[in-house]
Amino acid sequence: MCGIVGYVGSNDAYPVLIEGLSVLEYRGYDSAGIALVKEKGLEVYKDKGKVDNLRSITTQIGKNSFGTGIAHTRWATHGAPSKINAHPHTDQHSKIALVHNGIIENYSVIKEHLQNEGVQFQTETDTEVLAQLVGKYYEGDLADAVRRALLEVEGAFGIAVIAHDKPGLLVGARRGSPLVVGVGVDEMFLASDAAAIVAHTKDVIYLKDNNLIEMTPQEYSITTLDNKKINPEITTIEWSADALAKGGYDHFMLKEIFEQPETIRNAMRGRLLTDEGAARLDGLNLVLQELRGIQRLIFVACGTSWHAALVGEYMIEEVAGIPVEVEYASEFRYRNPIIGPNTLIFVISQSGETADTLAALREASFKGATVLGICNAVGSSIARETHGGVYLHAGPEIGVASTKAFTSQLTVLSLLTLLLGRMRRISNSDGVSIAKALEAVPDQVREILKQNDAIREIAENYARHNNFLYLGRSYNFPVALEGALKLKEISYVHAEGYPAAEMKHGPIALIDKDMPSVVIAMKDSIYDKVISNIQEVKARGGSVIAIATEGDTEIAKHARHVIYIPKTIPMLTPLLSVIPLQLLAYHIAALRGCEIDQPRNLAKSVTVE
Ligand code: G6P
């Protein structure tokens, strides 16, 4: 959730670090800081708030910054978001400086020991405890001091460390928090996210848990924390730095919404077998006979990915006839779930680093289950630790509110449904119908996006409302949850998603003229029931924004505003119905003057519990 950038090389470190921080800001951003090895020792600069605040107090140091430094954007866990608590942290003699993602769980015990030894602490953070510990052990061999300190530490960390008397040396280590190493010519990079370094090199090494790296501009050496040599694999980043630019859009979120025709197509490319009415997902690493024997699926995820999983449950149960359970990762990991034989677990995560999802994956693996992943971030911890899986190929998602990852997840889940369905319940011709409908989705999404201006006008009518209800049924119940989540996340407006018929059991009490309802009312077998739900809202003075099927001539009589989407088969409607909800949330947030790409209190990748 916080961001780390480190540099060691023949160029100035400062520009690499400050630009890297700007790219990483989406991960967490209540304060930022930078530390450089200079002639007279370590120089540390920090500030509260955005990276631009830090930039404004540090532009002068860009000159002659030397080629060694570390930087950090923070999302507070221990200690308030303040300048003093911002990283980097140093030991009491400023021998070393350290940035840290994660949580040191036994920090209070270590802190007490150090205080008894006379160490003076400056901050309330767990990270300073680690910095003081490394400082205590530092006697000229930085990697050794880091190793000794980490052996005493419990919890999660991704760290980068420099020493006052070691220009040209950078040490990093990880357990539980991601770190990627960039290999350049006469320069090396370290970051919590490849986005921060892709402008400089595409050759990267994803560090594994309990790995420590020591690097100079020309060389690096990776060992385990107990000092066994590792031979790393260098991989190439598939996307370019352009993917990290807004490309003319006001916000990354809007850009990512508009990328969806392409990202949905990318998710099915080479996988959808239209003529066979089937799909191939080779990355699952399972032979067809193994898949045939599956009697139960469990999807585990958090946030938007959990909503995608719910849609997947509806799809797979209906088309493939396999029972599916959907679990919040944070619940699954602690509740000793029953995982019988012939049960397949799928963890779904855009970032591939969500702490709860990763822990759930480990718990399921520990119980001997086969765990597969549906991830976007290549080389992420979840992608690496699963037995197999499917990448989304959606490119980096920067906006904190997930949009294109959600529709790519739905696309992959549709492919999985086809694959499993064709092995069990559905014929070639039924499979071909689904495959053709899926093929049409990218162009249908493009058609919906053309209504952007009209959706903004609708948003103008509702931007001042402070409570919303989102209602949907069947496949579109999870979309109602997702629409409400989008609005909450970026506009700080209270919104509840509900199965439309459940509204009568509580939320209906809230409805009045100030609480609009967004109702997904597809022309399907339960259309009439949804219309009744709309009538119930109207009878209480509530206004309705309906998401309806093109050609539905009746709905306009019932709803104050209607946004039409093209017709598709029921299981694919979420891929279309969510698009207007993303745009509606975006425009309401923009009209309220909210920070869309970096909403308060949220982080893109939640790497702590
Ligand atoms: C955070 C993000 C959400 C995301 C969730 C799960 O809360 O702000 O957008 O849906 O984490 O993330 P994952 O990377 O596991 O999909």
Side-chain angles (χ1 to χ4, degrees), residues 1-3 24-29 75 77 176-178 192-195 251-253 256-257 263 267 299-312 326-333 346-362 371-386 389-392 394-410 412-413 478-479 481-492 497 578 581-582 585-586 589 594-609:
M1 22 214 325
C2 311
L24 288 189
E25 232 184 347
Y26 75 100
R27 296 179 68 98
Y29 33 76
W75 188 90
T77 53
S177 259
S192 50
D193 181 329
H251 298 94
F252 281 110
M253 181 179 176
E256 287 158 4
I257 290 173
T263 49
F299 288 142
V300 185
C302 301
T304 288
S305 299
W306 186 81
H307 294 157
L310 283 181
V311 178
V326 179
E327 296 255 7
Y328 284 114
S330 52
E331 291 296 312
F332 181 89
R333 64 180 291 193
F346 274 91
V347 287
I348 307 180
S349 172
Q350 186 284 129
S351 62
E353 301 293 348
T354 303
D356 282 321
T357 313
L358 189 56
L361 141 64
R362 289 177 180 158
V371 187
L372 303 169
I374 297 177
C375 285
N376 192 32
V378 175
S380 56
S381 302
I382 291 176
R384 278 207 318 263
E385 292 192 28
T386 38
V390 191
Y391 277 124
L392 303 180
E397 190 180 64
I398 307 293
V400 165
S402 182
T403 52
K404 63 176 180 174
F406 179 72
T407 46
S408 296
Q409 287 164 342
L410 296 187
V412 167
L413 288 164
V479 180
L481 297 182
E482 176 60 9
L485 180 66
K486 289 289 85 87
L487 190 67
K488 269 186 267 208
E489 283 178 310
I490 57 170
S491 63
Y492 320 139
V578 74
L581 303 191
Q582 295 169 344
Y586 172 82
C594 298
E595 290 250 17
I596 292 180
D597 286 330
Q598 296 164 358
R600 69 183 182 206
N601 303 342
L602 296 178
K604 183 71 187 157
S605 176
V606 181
T607 50
V608 294
E609 265 192 65

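The figures that follow rest on heavy atoms only: side chains count, while hydrogens, waters and symmetry mates do not. Both counts, for ligands and for their atoms, begin at 1 and track the order of listing.
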Students should be able to answer this: which protein heavy-atom is nearest to [atom], and at what distance?
atom: atom 8 (O) of ligand 1; value: Ala603 O, 3.0 Å
atom: atom 6 (C) of ligand 1; value: Cys302 O, 3.4 Å
atom: atom 16 (O) of ligand 1; value: Ser305 OG, 2.6 Å
atom: atom 7 (O) of ligand 1; value: Val606 CG2, 3.9 Å

Contacting atoms of ligand 1, where contact means under 4.0 angstrom from a heavy atom of Ser402: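 Those qualifying, in numeric order: 9 (O).
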Element-labelled atoms of ligand 1 that are located less than 4.0 Å from some non-hydrogen atom of Ser349: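 With Ser349 as reference, the close atoms of ligand 1 come out as 13 (P), 14 (O), 15 (O), 16 (O).
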side-chain hydrogen bond (donor to acceptor under 3.5 Å, both in side chains) between Ser381 and Glu353, intermediate numbers included: CA-CA 6 Å; Ser381 302; Glu353 301 293 348; 2.7 Å; yes
From the candidates Thr354, Thr304, Thr403, Val400, the one that places a heavy atom nearest atom 9 (O) of ligand 1: Val400
Given Asp356, Val300, Thr386, the one that forms side chain to side chain contact (heavy atoms under 4.5 Å, CB included) with Leu361: Thr386
Arg600 vs Glu595, side chain to side chain contact (heavy atoms under 4.5 Å, CB included): CA-CA, chis, key distance, verdict: CA-CA 8 Å; Arg600 69 183 182 206; Glu595 290 250 17; over 6 Å; no
Distance flag, aromatic centroids of His251 and Tyr586, threshold under 6.0 Å: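 That pair passes the under 6.0 Å test.
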Check: Ala383 main-chain N/O paired with Tyr391 side-chain donor or acceptor under 3.5 Å: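 Checking the backbone N and O of Ala383 against the side chain of Tyr391, no donor-acceptor pair under 3.5 Å is found.
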Any side-chain donor near an acceptor of the partner, Thr304 and Gln350, under 3.5 Å: no
